[in-house]
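Shown next, in structure tokens, is the structure this report addresses.
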Amino acid sequence: MSQGSGSTAAPPPWIAAQRAHLLAQRGHAWLLHGPSGLGQLPLALELVRAWLCESPATDGSACGQCASCHAIDVHTHADLCVLMPETEMLAQGWPLPEKAQAEIDDKKRKPSAEIRVEAMRDAVEFAQRTSARGRGKAVLVYPAEQMNHVTANALLKTLEEPPGDVRFVLASEAAHQLLPTIRSRCLGHAMAWPDDAQMQAWLAAQGVSGPAAQAWLRAAGGRPYDALQLAHSSLEPQAWADFPKGLLRGVPTVLAQASPAQAITALQKLCHDLMAVQVGAAPRYFAAADLPPAPPLAALTRWSRALLQAARTAEHPYNTGLMLEALVAQARNTLHSPSTSPSARP
């Protein structure tokens, strides 16, 4: 999920191009949407920087040098309200409200994986206040699909009739999960997919180049921020390549240290690619030579549905070890289904 909290470093070219496009338009609320790993959060932060910058460039982008830009960098800007799940806020170094931080510190509760309604009510109150720096105010919500219905409804009226100097940017990796009333009150922007050369150059600048960059881009389905996150994990490209046939043999090394959610994602990618092979399409996440023979489409369809069901409880499994064992057993049973496909490789 995490796409980085941004910095004064120049954004990738595909983010800069989208920033220029959006800054040239008028609107008080934007919804940035698309699959994970395309840079919704970095783009949202670029917009916020530009809106609040004290010395913007001629194209409207932030200068990166003024007090406002610095305050965003260190997560202390008085005119910026960031709404994320508490787990994401803590991971990215954004401060929690004092009350929420005290409750977590005192072990009264764990950090929330949703955007809490209390935080949204604080944001609505924030929107009513006068700007501290005189450049207006901004509210950033990410990932917006982590608002439940109560939280989203708390935002609706302010989103429809905002005070004159506040702007909203909602960033989502699953916009279909948002309330239709939330979507209708925002100007929508579908995230652009960068071309391969741009992604390779950007990953190289992050220290990931050559075959490793290509391997992680494939594993991420061509999503650059997801590819960078994979590159920074403990996983090796060869381990990912070996995963499908290793799972067939009962040696699922990639899953050994994975959380249930990570395991389900890996298995869903494998299931996707085997289904693609069965219908004559090219695999997306693995090289064709790394895949085992494709089971019948009916078996893969059942597996896909079972993985979707498992994903609903992945964050709160009754027993992580048992869940992973069940996932591996289910995968092996599917992979060992008798193949009837002429496209399956011997």
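Counting heavy atoms from C-beta on, the side chains of L274 and L335 come closer than 4.5 Å. Using a 4.5 Å heavy-atom cutoff, the side chains of Y285 and P244 are not in contact. At least one side-chain heavy atom of P224 sits less than 4.5 Å from a side-chain heavy atom of P194.
Between the OG atom of S209 and the CD atom of Q200 there is a distance of 9.0 Å, given to the nearest 0.5 Å. Here CG of L170 is found 10.0 Å from CD of E145. Values are rounded to the nearest 0.5 Å. Of the inter-residue distances, the one linking E161 atom CD with L156 atom CG reads 11.5 Å to the nearest 0.5 angstrom. Atom-to-atom distance recorded for H33:NE2 and R183:CZ is 9.5 Å, nearest 0.5 angstrom. From L32, atom CG reaches atom CD of E46 across 11.5 Å, with rounding to the nearest 0.5 Å. Atom CG of D273 sits about 9.5 Å away from atom CZ of R218, to the nearest 0.5 Å.
In this structure, F168 and H28 have perpendicular ring planes: the angle between them is above 60°, well past the 30° mark. Ring geometry for H75 against W94 counts as parallel: the plane angle stays under 30°, on a 0 to 90° scale with 60° as the upper cut.
The local environment of CZ in R305 is sparse, with at most 12 non-hydrogen atoms from other residues, nucleotides or ligands closer than 6.0 Å.
Applying the salt bridge (Lys or Arg N to Asp or Glu O under 4.0 Å) test between E103 and each of R109, K108, K110 identifies R109 as the sole match.
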Steps toward side-chain hydrogen bond (donor to acceptor under 3.5 Å, both in side chains) verdict (H21, Q25): CA-CA 7 Å; H21 170 73; Q25 302 184 47; 2.7 Å; yes

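By the salt bridge (charged side-chain N to carboxylate O under 4.0 Å, His left out) test, E125 pairs with R129, sequence neighbours left out.
With respect to the salt-bridge test (charged N to carboxylate O, under 4.0 angstrom), the residues D165 and K137 qualify. Ion pairing between R49 and D73 holds under the 4.0 Å rule for side-chain N and carboxylate O.
No side-chain donor-acceptor contact under 3.5 Å links E86 and S112.
Taking hydrophobic clusters as Ile, Leu, Val, Met, Phe, Trp and Tyr residues chained together by side-chain heavy-atom distances below 4.5 Å, Y142 does not share a cluster with V117.
No donor-acceptor pair under 3.5 Å is formed between the side chain of R135 and the backbone N or O of E54.
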